[in-house]
Amino acid sequence: MNQTVFTHNGFPKIGIRPVIDGRRRGVRESLEVQTMNMAKSAAKLISENLRYPDGSKVECVIADTTIGGRFEAAMCAKKFKAENVGVSLSVTPCWCYGTETMDEDPSIPKAVWGFNGTERPGAVYLACMLAGYAQRGMPAYGIYGKEVQDAKDTSIPKDVEEKILRFAKAGLAVAMMKGKSYLSIGTSSMGIAGSFVNVDFFQDYLGIMCENMDECEILRRMEEGIYDKDEYAKALKWFKKNCREGKDYNPKAIQKTRESKDADWEFLVKMAMIGRDMMVGNPKLAEMGFREEAVGRNAIAGGFQGQRQWTDHWPNGDVLEAFANSSFDWNGKKMPQVLATENDSLNGVCMLLMWLLTNKASMFADVRTYWSNESVKRATGKPLKGIAKQGIIHLLNSGSCCLDAAGAMKEKGKSVFKNWWDVTEKDIDATMKATKWVPAGVEYFRGGGFSSSFLTPKGMPLTMTRISFVKGLGPVMQIAEGWSVELEKDQNEKLMLRTNPEWPCTWFTPRLTGKGAFKDVYSVMNAWSANHGAIAYGHIGADMITLASMLRIPVAMHNIPEEQIYRPHCWGLFGAGEDTIGADYRACSNFGPLYATNRK
């Protein structure tokens with residue numbers, strides 16, 4: 001596996017805090033085994049179901065003793081700091097001493113599981129602890145099963161499992177971002193708002209520092225030979241074998257020669273390697289004497305400006321971006337590396353959040369066009385079929401869409417995105433056969449290059465998200481769950497010829513609710529806050545809402561069923577019962593960014 005941002009950082013762990021009634025002489029002693037068993041059950045559940053981005057099991061750390069008061073809470077905190085704990089889960093079957101046993105680190109996501117029993121009800125402590133966290137400005141997630149359990153029952157009910165895992169996934173995403181970097185290769189692109197990187201947003205909300213490197217660094221490394229020559233030879237051979245060129249749609253008068261196209265491929269292979277090395281480093285460079293370049297920029301995500309200053313003269317960044325974001329490259333299967341086209345950092349952040357939640361590659365696309373059934377029938381002579389009849393949104397962009405979106409990887413005959421560690425050589429071969437590399441449109445990209453071209457198959461569950469920044473308000477998220485759909489072949493061809501037929505294409509239709517932005521597909525498109533969207537495989541909107549609340553980013557629109565929404569318990573005190581979206585805004589504004597130095 002290639003070096004990654006986690007190679008030298010390690011992964012944060014989840015700390016389990018078994019909290020107990022501190023009264024000795026019978027009370028505490030009677031609860032020791034039950035309390036510690038709750039902690040062990042929670043740790044087992046998490047480790048068996050969740051994976052880090054490298055495929056290894058998530059590690060949990062349990063306090064050395066049960067926690068009955070401030071001294072043991074302090075000893076637990078000391079252990080957690082030494083063990084790189086980034087998420088805190090307190091568990092208890094009984095009444096305990098609220099603020100005397102609480103986790104006091106304001107930057108660590110925290111939840112409390114209170115056992116629903118009658119002997120010594122954990123719900124009482126749960127309510128006490130959640131009230132304490134709210135009062136002290138540290139929102140916590142409450143976990144309380146719907147059904148009463150017997151004291152000796154060590155099983156975890158399904159509803160409790162769901163909340164523990166949802167909290168743990170989101171909490172780990174928060175913890176894994178902390179202390180990493182976002183690398184801008186270049187600066188702003190074509191006036192796109194998200195490409196003006198907001199340093200305060202990254203630092204205060206995500207715990208990420210921002211790095212900038214000029215695009216000329218790529219040229220310097222090419223000219224000075226600061227890349228692995230052996231890997232380059234291997235990669236170029238692989239590209240020649242596996243990257244099928246598609247039709248050149250450029251007018252013949254401005255098409256590049258065969259010799260120029262071959263030179264572009266050589267340039268693009270080096271560019272892909274160098275972009276990766278700039279983000280996370282490459283130990284081979286140290287062996288070559290380039291120790292500074294070898295360490296990279298500790299970047300968990302990044303963006304490449306491209307247009308226009310680069311692409312007006314040099315080959316475009318599509319090859320660099322597509323392979324960075326995919327779950328494989330010329331070396332075989334690999335961890336996706338988030339790289340946003342046009343340096344749209346806000347879309348890159350959405351891709352990052354979705355990757356950390358799912359361990360799967362995420363897509364980048366223009367939210368291009370809304371097509372009604374009537375418009376499709378007028379343009380193609382045929383109506384849409386199936387669920388597509390409600391209308392479709394065209395997702396299309398030349399750059400950094402992961403190749404996983406070609407849908408050539410299969411499970412039980414269905415197109416899927418896989419965890420990168422499950423990707424096989426057969427998957428890679430099928431994906432490359434489903435993808436063509438079309439010469440870049442030189443009217444857009446004067447320097448040439450190649451763009452990936454594929455059609456996402458129908459039936460894939462997808463979640464589209466976007467973060468936009470509003471002056472005076474801050475970051476705001478939008479979420480739309482839906483599915484990929486297919487058009488008939490001639491319909492697809494006619495609609496694609498109206499735009500950029502050489503680019504990767506996904507036809508998307510959202511799940512409608514009949515109200516608000518989701519009353520119809522047109523309203524979804526009309527309400528979308530920016531020209532780009534980030535798309536994940538799977539319906540992960542509920543996980544995104546939980547994660548957004550941890551980061552104090554309100555969600556402006558979503559189509560997630562109410563029963564799946566899981567936010568900190570105190571959000572209810574902001575009026576969530578009657579106005580969930582408004583309450584989310586008020587709560588996020590009240591508590592402020594997770595890492596801001598001016599927290600209230």
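Both backbone and side-chain heavy atoms feed into the values below; hydrogens, waters and symmetry mates do not. Model, not experiment: these values are computed from the prediction.
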Check this for me, if you would: do [X] and [Y] make a salt bridge, where the nitrogen-to-carboxylate-oxygen distance has to be below 4.0 angstrom?
X      : Y      : answer
Arg70  : Glu100 : no
Asp427 : Lys418 : yes
Lys152 : Asp150 : no
Lys146 : Asp159 : no
Lys333 : Asp422 : no

The single option from Phe11, Trp420, Trp421 passing ring-ring contact (aromatic ring centres under 6.0 Å, His included) against Tyr52: Phe11
Salt bridge (Lys or Arg N to Asp or Glu O under 4.0 Å), paired with Glu72, selected from Arg28, Arg17, Lys79: Arg28
Set of residues satisfying side chain to side chain donor-acceptor pair (under 3.5 Å) with respect to Arg166, sequence neighbours excluded: Glu162, Asp543
Under 3.5 Å, is there a donor-acceptor pair linking the side chains of [X] and [Y]?
X      : Y      : value
Ser184 : Glu211 : no
Tyr125 : Thr101 : yes
Tyr182 : Asn343 : yes

Close side-chain approach of Met544 and Leu353, heavy atoms under 4.5 Å: yes
Measuring from atom [atom1] of [X] to atom [atom2] of [Y], what distance do you get when rounded to the nearest 0.5 angstrom?
X      : Y      : atom1 : atom2 : answer
Asn325 : Cys401 : CG    : SG    : 8.5 Å
Thr66  : Met38  : OG1   : CE    : 13.0 Å
Asp64  : Met36  : CG    : CE    : 8.0 Å

Atom NZ of Lys78: over 12 foreign heavy atoms under 6.0 Å: no
Geometric class of the Phe591/Trp571 ring pair [parallel <30°, tilted 30-60°, perpendicular >60°]: parallel
Test of ring centre spacing under 6.0 Å for Tyr566 and Tyr141: yes
Check: Ser47 side chain, Lys44 main-chain N or O, donor-acceptor pair, under 3.5 Å: no
Considering all heavy atoms, the nearest Val19-Thr92 contact: O-OG1, 2.7 Å
